[in-house]
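So you know, we letter chains A, B, ... as the sequences are listed, proteins then strands, and number each from 1.
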Amino acid sequence: MSIYDTLNEQQKRAVFQTEGPVLILAGAGSGKTRVLTHRVAYLIDQCNVNPWNIMAITFTNKAAGEMRERVDDIVGFGSDSIWVSTFHSTCVRILRRYIDRLGFDHNFTIYDTDDQKTVMKDICKKLQIDTKMLKERTILGAISSAKDELISPLTYEMQAAGDFTKQRIAGAYKEYQAALKKSNALDFDDLIVKTVELFQACPDVLEYYQDRFRYIMVDEYQDTNTAQFELIRLLASKSRNLCVVGDDDQSIYKFRGANIRNILDFEKVYPEAVVIKLEQNYRSTQNVLDAANAVIRNNVGRKDKALWTDHGAGALLHFKQFDSAYDEAQYVVEDIAKKKRERIADYSDCAILFRTNAQARVMEERFVVAGIPYDVVGGTNFYARREIKDLLAYLKTIDNGRDDVAVKRIINVPKRGIGATTLTRVQEYADERNISFYDALREADQIMTIGKSAAKLTPFVTMIQTFRSKLEYYSLEELIKDVLETTGYVAQLEASDEEDAESRMENIDELISKIVSYEETHDEPSLSEFLEEVALVADIDGVNEDDNKVLLMTLHSAKGLEFPHVYLAGMEDGVFPSYMTITSDDPAEIEEERRLAYVGITRAKEDLTITCARSRMIRGETQYNPVSRFVKEIPPALLDQKVPGIKHKDFEDYAEDSYERSHFKAKPFGMGTTQEKPGIFDKEKLSRLQEEGTGMSGEEFFRKAKPGMVTVSSLGNGLGATRVPGEAMPKPKAVVTPKRTSLQNKPFLSKAQDGASALAGLAGVSKGAPAAGGSLDYSEGDRVRHIKYGEGTVLKIEEGPRDFQVTVEFDGAGQKVMYAAFAKLKKV
DNA sequence: CGTACTAGTCTTTTT
DNA sequence: GACTAGTACG
């Protein structure tokens, strides 16, 4: 009995087909990771391939980590020399070694979207581009798309002929690349592009890696863009042992340049390719799969396949529509609480998936109130928070003085009385001499134009230089603590009476512990490497499956994951599929959304609950949306509840026969423009809803909502979102919306997100002067009162680097650790 | 030079 | 609704 006996026939074929190009079309839950890991094992064990010659590429660090772990489990030796990593880290690793061939320094920095925008702003000013007409975002988006397609500034310029906007973008593109080069920086897209350029320019380097990577495997191949395709093509062109795994039905990253043709045309590029389809699903029940199959069947231009399982039909899918997003959230949270109570499921068995990050909010509020532990994946990246970016900018400056963006970010943070005029002068000086901003600072006393201000700049330079020299014998932990202290960053934060100062502190502590754990887990920790790891983390990477928490995330983040109990929330036309795609005249966009729906449905192992709301607040505007078309594409027999009969004939017809259609037919309701007609909802229901939700009487609402006032927006299919134009809906009176403060700024995937502590954050009360340095009017063993938690006993008081950390056992809320300065505990 | 306030924008999805 | 960039003011 070998480890391969547990595989099914197709999986075996995929594992044993080691030579030449292989395309594995792996449906959701068909065990592709198993195939990949067994394939690696087979190569090493049976084919005597040196682990050193094997490369596996994934899209996220999490996927890479899992793969390495599982290979470790079966191979047992040599697995650390297998190259398992993401596209981006692979490229960084190669570039760190060879980028000098392209005229960069080895310690280049990686710019995130924020940094990119800063650079682009400067460029727009320089090129006198009116950012009202042409936004930085747009330009950067265009540049990013160009890079995804390996289009250089020069080529872009040539293609821009005759198009004024494109010409402007071309100019900006050129300047942007020059600016990055000057700062010795690369953006995300550059990581791939520059590696391809390197391979094209230096055949010896390419050959080195071709000889090294004799067996290449690429996961989630449907998500590769043209640049990534080319990178892989170059690497594999010598050995041709390229095995790609993907599912065209799960291609959901077109907006990021993913080219679905890469997988659809694989056999054209590699005519000798062996194609293997994995259709047996080991994850879900047949009902879940039937639903997924029925939905995805409405797409054209896909490789035909149908998932099946021998798991049995399983439970029906649950469907529920609610009056408001609050009710929806309430239901989901209660349902999870019920499952937990009845021991049907643990918290970590449940995940809530939605289309947009913003939808997490309403859910979060309910979870906090219910006291159920949860984690939100994504949203604002931990490393994108202001205080974290500030500190990283210090580290970057110490690491690479050529990074102008970093230097300018911190030159006056904390305030050093250095103003805009001084900065402009310094920049002019730097431009004249073609030196970096930081180098200009070093010569501050030479800059005639700034006069006395030079005196403010010199201490900054001295400080940075000191950090640099200390770095020789310093640990990174010591460095960051030194930075926090010497710059006065913490002192400033403590002195500020900003509401979120406390959560900022927590974030900083979180950063320190990340640095510490980085140092602990790496043999030769370096500042550059730390900064690089930090730049390349994905939201999903931080998810810890061992925590017993409900996970909230977007459908995009959920790809590759599975949960026994899945809730698909916000299934409304206008939300999902999004308004943008419904109004778009490119039918491919709806298809991409449908693939996203397919991804969502197939995340469920046992139980799938689909919910939607009749009304929902989106960007401060209440919208009324019909049930998502994707729900209507699910055969009614698979749902435990009928998709509600909306009093609109066409709509009903559409719902009724959608399952019968092999493909989404021409829209039954006239395309597009804004039409004046009353809403499509049952008037009574809507009236009741208005009364409950907005405080307006049903009468009043309908007076405002008469035809001519209510706009059925141009959703193309006439089913649109209705709203009262130009008039913001009054706040729902029945619903308490707690102010979010520290929750918003909570450390990325913070550890203790229990209800009580989060509730304290929601109350947003912690202001006040810090007690640091002084003494406390209570001591260990004393009884104290906290504004939110009530009374408790002080267990421990520890003197931290900048404040006392007080551990209190509260009578109601349990044990908490808090900063004395913020907790404002009163002795009783 | 630093701040407090206002007006405008926005993400749909992310390495 | 929330966040941000820009401006007017001290």
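Shown here are the side-chain hydrogen bond (donor to acceptor under 3.5 Å, both in side chains) partners of A/Gln359, two or more places apart in sequence or in another chain: A/Thr356. For A/Ala569, the side-chain contact (heavy atoms from CB on, under 4.5 Å) partners are A/Glu328, A/Ile352, A/Met363, A/Thr611, not counting sequence neighbours. Taking the side-chain contact (heavy atoms from CB on, under 4.5 Å) definition, one finds that A/Glu136 meets it with A/Lys117, A/Met120, A/Lys121, A/Cys124, A/Thr131, sequence neighbours left out. With sequence neighbours excluded, the residues that form a salt bridge (charged side-chain N to carboxylate O under 4.0 Å, His left out) with A/Glu197 are A/Lys194. Under the side-chain contact (heavy atoms from CB on, under 4.5 Å) criterion, A/Asn259 pairs with A/Thr226, A/Arg261, A/Asn262, not counting sequence neighbours. The side-chain hydrogen bond (donor to acceptor under 3.5 Å, both in side chains) search around A/Gln228 returns none, not counting sequence neighbours.
Each of A/Leu536 and A/Gly419 was matched to the nucleotide of DNA chain B holding its nearest heavy atom; the match closer to the 5' end belongs to A/Gly419. Toward the 5' end of DNA chain B, the nearer of the two residues A/Ser557 and A/Lys135, judged by each one's closest nucleotide, is A/Lys135.
Spacing between C/dA5 and B/dT12 at atom C1', rounded to whole Å, works out to 23 Å.
The nucleotide range of DNA chain B contacted by chain A, defined by atoms under 4.0 angstrom from heavy atoms of the protein and reported 5' to 3', is B/dC1 to B/dT15.
Evaluation of the side chain to side chain donor-acceptor pair (under 3.5 Å) test over residues 413-423 of chain A, restricted to residues two or more places apart or in two chains, returns A/Tyr394-A/Arg416.
At a threshold of 4.0 angstrom between heavy atoms, the contacts of A/Ser578 include nucleobase atoms, whether or not backbone atoms are also involved. Contact annotation for A/Thr113: no contact, since no heavy-atom pair falls under 4.0 Å across all strands. A/Glu593 comes within 4.0 angstrom of a base, heavy atoms only. Within the nucleic acid shown, A/Tyr253 comes within 4.0 Å of sugar-phosphate atoms alone, with no base atom in reach, counting heavy atoms only. At the heavy-atom level, A/Asn357 lies under 4.0 Å from the strands shown only through sugar-phosphate atoms. Among the protein residues, A/Arg595 comes within range of no part of the nucleic acid, since none of its heavy atoms lies under 4.0 Å from any strand. Across all strands shown, A/Ala420 has heavy atoms under 4.0 Å from sugar-phosphate atoms exclusively, and none from any base. Among the heavy atoms of the strands lying under 4.0 Å from A/Phe59 are primed sugar atoms or P, OP1, OP2 only; no base atom is included. Using a 4.0 Å heavy-atom cutoff across all strands shown, A/Asp112 reaches no nucleic acid atom at all. Residue A/Ile618 is out of contact with every strand shown, counting any heavy-atom pair closer than 4.0 Å.
Seen from the ring of A/Phe108, A/Arg96 counts as a face-on cation partner, given the 6.0 Å and 45° thresholds.
Side-chain atoms of A/Arg595 come within 3.5 Å of backbone atoms of A/Ser251 as a donor-acceptor pair (strictly under, hydrogens ignored).
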When you check every protein heavy atom under 4.0 Å of nucleotides 4-10 of chain C, what one-letter string (B, S, -) results, 5' to 3'?
-S-----
